[in-house]
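The block underneath contains the structure these notes are about, expressed in structure tokens.
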Amino acid sequence: MKMEYRIRPAAVAAVLAPHRTAIFRDLGALAEPELPVVETASRACLISLIESGRYLGWLVEAGGEVIASGGVLLRRLLPRPGSLQGGEEAYILAWGGERRIPHITLPASDKGRPLYESSGFVQTSEM
């Protein structure tokens, strides 16, 4: 049986913050005691960013449950090679392409890397 997925906009930091923290856990970048600190701080930041329109999030649902989330954090990009006029930098996939955002970055776990590579992402030396 094929799983049906639903993608919808997310505007609730309480749902997005745990998902954001989980990626850092999965990457091995946070120790267990640090997880609640990052989740609480992320929730506070996301509330402000969502209200200002600088963060747009989406939830992926299957079987009535949220199984994944993602979002874009918009920031001003100074002129540089590949973006001579500057513009905005986005932090996720096709949405940035639709807005003609020339530079998109994201962290990827070993498990997630093949998905992003299949979408055209390449690993770079940028930190």
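With contacts defined as side-chain heavy-atom distances shorter than 4.5 Å, the pair Pro79/Leu84 does not qualify. Between Arg25 and Leu35 the shortest side-chain heavy-atom distance falls below 4.5 Å.
Taking both residues in full, the closest heavy atoms of Arg76 and Gly86 are given as NH1-C, 4.4 Å, listed atom of the first, atom of the second, then distance. Taking each heavy atom of Ala10 and Leu59 in turn, the nearest pair found is CB-CG, 3.4 Å.
In terms of modelled atom types and a separation under 3.5 Å, the side chain of Glu34 and the main chain of Ala31 share a donor-acceptor contact. Thr21 places a side-chain N or O within 3.5 Å of a backbone atom of Ala17 that can act as its donor or acceptor partner. No donor-acceptor pair closer than 3.5 Å links the side chain of Ser83 to the backbone N or O of Arg80.
Cluster membership check: Leu30 shares its hydrophobic cluster with Leu27, using side-chain heavy-atom separations under 4.5 Å among Ile, Leu, Val, Met, Phe, Trp and Tyr. Under the 4.5 Å side-chain heavy-atom criterion for ILVMFWY residues, a single connected hydrophobic cluster contains both Leu49 and Val15. Clustering ILVMFWY residues whenever any of their side-chain heavy atoms sit less than 4.5 angstrom apart, transitively, puts Leu73 in a cluster other than the one holding Leu77. Cluster membership for Phe24 and Val37, using ILVMFWY side-chain heavy atoms within less than 4.5 angstrom, is not shared. Cluster annotation: Val66 and Tyr55 are assigned to the same hydrophobic cluster (Ile/Leu/Val/Met/Phe/Trp/Tyr, side-chain heavy-atom contacts under 4.5 Å, transitive).
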message: Walk me through whether Ile50 and Leu16 qualify under side chain to side chain contact (heavy atoms under 4.5 Å, CB included).
response: CA-CA 11 Å; Ile50 289 168; Leu16 295 168; 4.0 Å; yes
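Looking at Arg8 and Glu61, a side-chain N of the basic residue comes within less than 4.0 Å of a carboxylate O on the acidic one, giving a salt bridge.
Atoms CD and CD, on Glu117 and Gln123 in that order, are 7.5 Å from each other to the nearest 0.5 Å. We find the CG-CD distance between Leu46 and Glu39 to be 10.5 Å, quoted to the nearest 0.5 Å.
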